[in-house]
Amino acid sequence: MSATASISVRGLEKSYKDNQVLRGVDFEVARGTIFALLGSNGAGKTTAVRILSTLLKPDAGAALVEDASVVEEAQRVREAISLTGQFAAVDEILTGRENLILVAKLRHLPSPGDVADGLLKRFDLVEAGGRKVATYSGGMRRRLDIAMSLIGSPSVIFLDEPTTGLDPEARLEVWRVVRELTAQGTTVLLTTQYLEEAEQLADRIAILHGGTIIANGTLAELKAMLPPAKVEYVEKQPSLEEIFLSLTGSTQAGTHQGGQS
Ligand SMILES: Nc1ncnc2c1ncn2[C@@H]1O[C@H](COP(=O)(O)OP(=O)(O)OP(=O)(O)O)[C@@H](O)[C@H]1O
Ligand SMILES: [Mg+2]
């Protein structure tokens, strides 16, 4: 496995009863990059994230996060990562600043107040910092959520659908914040159903479909995968959406069917 990989996944399998969700998933994420795991509803994105963040055991396969096995060295993995999404631990009756201080204290950091103030500034929440989270908009809440996940400087951050349910403006705010994460060398794995989000944020994009990764590359590489016959007649660059639909066989243009069933 590559020395620069922050996450590497080999042959990951997971079933729920007779529902085979992951049928041999392979991918690597280079340190300090943003990797988007793209897939339709029920493709298994959250399942993969839960396995990588040690919340769920795979049936087969191996996954390393910062060189620690998610199964055999779960504690080491937990020390290296943070997870935001449906497990967001934001407390509504506390202020944004109080939430940040609480997490900094839980992580035994010196000067929790300074940590909180630094993050409020960085996430454009200085004015909101003294208000109860219950009064925040969806975008402010999601920014606070991501800010909380940064406390203790995790090497790897998992963002499971970071912008689902947000309006376009709030989505842009979250994108800005996510882009900044990698500036410090943090590795980000995000899942999304929004092709545009993957297109905007990710260094590499992998499409999870039928239990396997059916495409994995930079946006340019994925665009080059579109069947040549189609490219010839398309004057503009193909969008990721066209590539996605083509590869997942969701339209008549599809050339691949994904899964093995
Ligand atoms: N705890 C569970 N028990 C049984 N089946 C589950 C469980 N969790 C997920 N599944 C099933 O596994 C499949 C993959 O679910 P998963 O949540 O990983 O998909 P997803 O790609 O994250 O979807 P979404 O885009 O809707 O979040 C779905 O068919 C789902 O119903
Ligand atoms: Mg999900």
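First listed ligand is number 1; within each ligand, the first listed atom is number 1.
A distance-only check finds a donor-acceptor pair linking the side chain of N99 to the backbone of T95 [under 3.5 Å]. At distances below 3.5 Å, at least one donor-acceptor pair connects side-chain atoms of R142 with backbone N or O atoms of P162. A distance-only check finds a donor-acceptor pair linking the side chain of T191 to the backbone of E161 [under 3.5 Å].
Counting backbone and side-chain atoms alike, T46 contributes an N/O/S atom closer than 2.8 Å to the Mg ion (ligand 2).
Atom CD of E127 has 12 or fewer heavy atoms from other residues, nucleotides or ligands within 6.0 Å.
The side-chain tip of R204 does not point at the ring of F27 from less than 6.0 angstrom away and within 45° of straight on.
Ion pair R31/E66 flagged as a salt bridge, since at least one NZ, NE, NH1 or NH2 atom sits closer than 4.0 Å to an Asp/Glu carboxylate oxygen.
Within 4.0 Å of ligand 1, the residues that place a heavy atom are Y16, N19, V21, S40, N41, G42, A43, G44, K45, T46, T47, E161, Q193, listed by chain and number.
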